[in-house]
Amino acid sequence: IAGITQAPTSQILAAGRRMTLRCTQDMRHNAMYWYRQDLGLGLRLIHYSNTAGTTGKGEVPDGYSVSRANTDDFPLTLASAVPSQTSVYFCASSDRPGDIQYFGAGTRLSVL
Amino acid sequence: SQQGEEDPQALSIQEGENATMNCSYKTSINNLQWYRQNSGRGLVHLILIRSNEREKHSGRLRVTLDTSKKSSSLLITASRAADTASYFCAPDARTGANNLFFGTGTRLTVIP
């Protein structure tokens, strides 16, 4: 049982470059989420999707975009990376909004 | 803010002792969830307590909820070194998109 798979595990990126973080789940969950975790700030929601074909903005959406073309995949794109986007990114899914969330192992991103 | 706020920020105890972590929130909720995060890993769900429940048990975990005070507590009894982790509460606010709002967590260290 894979659950939530994130790729890459880690990445060093030059500022200004475009980057897509991948997230795939095999639980047929309706809802998916992207968080960033920074020291002292906890987890903050970037974007979410309550069902395939829909997305919504979280607390810190600026500089990020998402798409939800199907149930399983929820990629997060940084169009032009900046150093303040250095963080650990977690993808999660739940059967329905508000239900128990299942998290991936995270992507550690450094923007230089 | 719809975030949960955990208290204390850090807690250090001896193996075998009980650990109590508190969570406060500001909005009406559908449920409140507790998660655990081992260093460098994704979050793992521990327990969900609904707004009409006052107490819930799962193994060595006991969670209480007081909606009148907008607070919850997580008690870990007979702690073990393997309980060392960060613990987060996440209220599911009644308004909005039913997203969870994580706080900064309590860092628990259990000394063998």
Side-chain angles (χ1 to χ4, degrees), chain A residues 2-7 9-10 21 23-25 27 29-51 54-61 66 68 74 87-109, chain B residues 1-10 21 23-53 56 58 61 63 85-108:
Chain A
I4 296 263
T5 303
Q6 289 186 238
T9 303
S10 64
L21 307 185
C23 176
T24 299
Q25 53 107 355
M27 297 175 281
H29 283 170
N30 290 299
M32 297 187 75
Y33 314 86
W34 273 106
Y35 297 91
R36 61 177 289 174
Q37 185 174 32
D38 303 289
L39 197 62
L41 295 176
L43 273 81
R44 292 181 292 169
L45 183 66
I46 305 171
H47 284 287
Y48 65 93
S49 169
N50 285 343
T51 189
T54 69
T55 63
K57 294 181 179 180
E59 299 173 74
V60 289
V66 292
R68 187 87 185 277
F74 191 44
S87 187
V88 181
Y89 292 85
F90 289 100
C91 180
S93 73
S94 65
D95 187 29
R96 293 171 299 178
D99 281 356
I100 295 168
Q101 292 188 12
Y102 296 83
F103 282 77
T107 293
R108 186 174 296 274
L109 181 67
Chain B
S1 168
Q2 297 170 310
Q3 268 186 326
E5 295 180 10
E6 296 88 351
D7 174 68
Q9 290 186 332
M21 289 160 271
C23 170
S24 60
Y25 57 93
K26 295 181 179 176
T27 63
S28 296
I29 61 171
N30 296 309
N31 65 61
L32 185 141
Q33 302 183 36
W34 284 90
Y35 288 78
R36 165 195 168 122
Q37 184 181 33
N38 284 28
S39 183
R41 308 290 290 274
L43 276 71
V44 175
H45 178 264
L46 293 176
I47 200 161
L48 180 154
I49 186 165
R50 302 198 182 281
S51 60
N52 61 351
E53 297 176 310
K56 204 160 184 181
S58 177
L61 305 181
V63 166
S86 292
Y87 292 83
F88 296 85
C89 71
D92 171 21
R94 192 160 286 170
T95 57
N98 290 108
N99 292 316
L100 301 182
F101 291 88
F102 293 85
T104 56
T106 292
R107 175 68 189 169
L108 173 66

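Note that the structure is predicted; figures quoted are calculated from it, not measured. Each chain gets a letter, A, B and so on, in the order its sequence line appears, and its residues count up from 1. Below, all heavy atoms of this structure are taken into account, side chains as well, without hydrogens, waters or symmetry copies.
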task = Could you tell me which portion of Tyr102(A) (side chain, backbone, both or neither) has an atom closer than 4.5 angstrom to a non-hydrogen atom of chain B?
result = neither
inquiry  = Heavy-atom count check: over 12 atoms from other residues, nucleotides or ligands less than 6.0 Å from Gln9(B) CD?
reply    = no
key: Which portion of Gln6(A) sits near chain B, non-hydrogen atoms under 4.5 angstrom   = neither
message = Could you report the tightest heavy-atom contact between Gln33(B) and Asp99(A), atom names first, then the distance?
response = NE2-O, 3.3 Å
note = chain B shares the most heavy-atom pairs under 4.5 Å, among Gln37(A), Arg108(A), Arg44(A), with Gln37(A)
ask   = Side chain, backbone, both or neither: which part of Leu41(A) has an atom under 4.5 Å from a heavy atom of chain B?
value = backbone
key: Nearest-0.5 Å distance that lies between atom OH in Tyr48(A) and atom CG in Leu100(B)   = 12.5 Å
key: Spatial distance of atom OG1 (Thr104(B)) from atom CG (Asp38(A)) [nearest 0.5 Å]   = 12.0 Å
request  = Kindly say whether Gln101(A) contributes a backbone atom to a donor-acceptor pair with the side chain of Tyr35(B) at under 3.5 angstrom?
outcome  = yes
Gln37(B) portion near chain A, given a 4.5 angstrom heavy-atom threshold = side chain
inquiry  = What part of Leu43(B) gets within 4.5 angstrom of chain A, counting heavy atoms only: side chain, backbone, both, or neither?
reply    = both
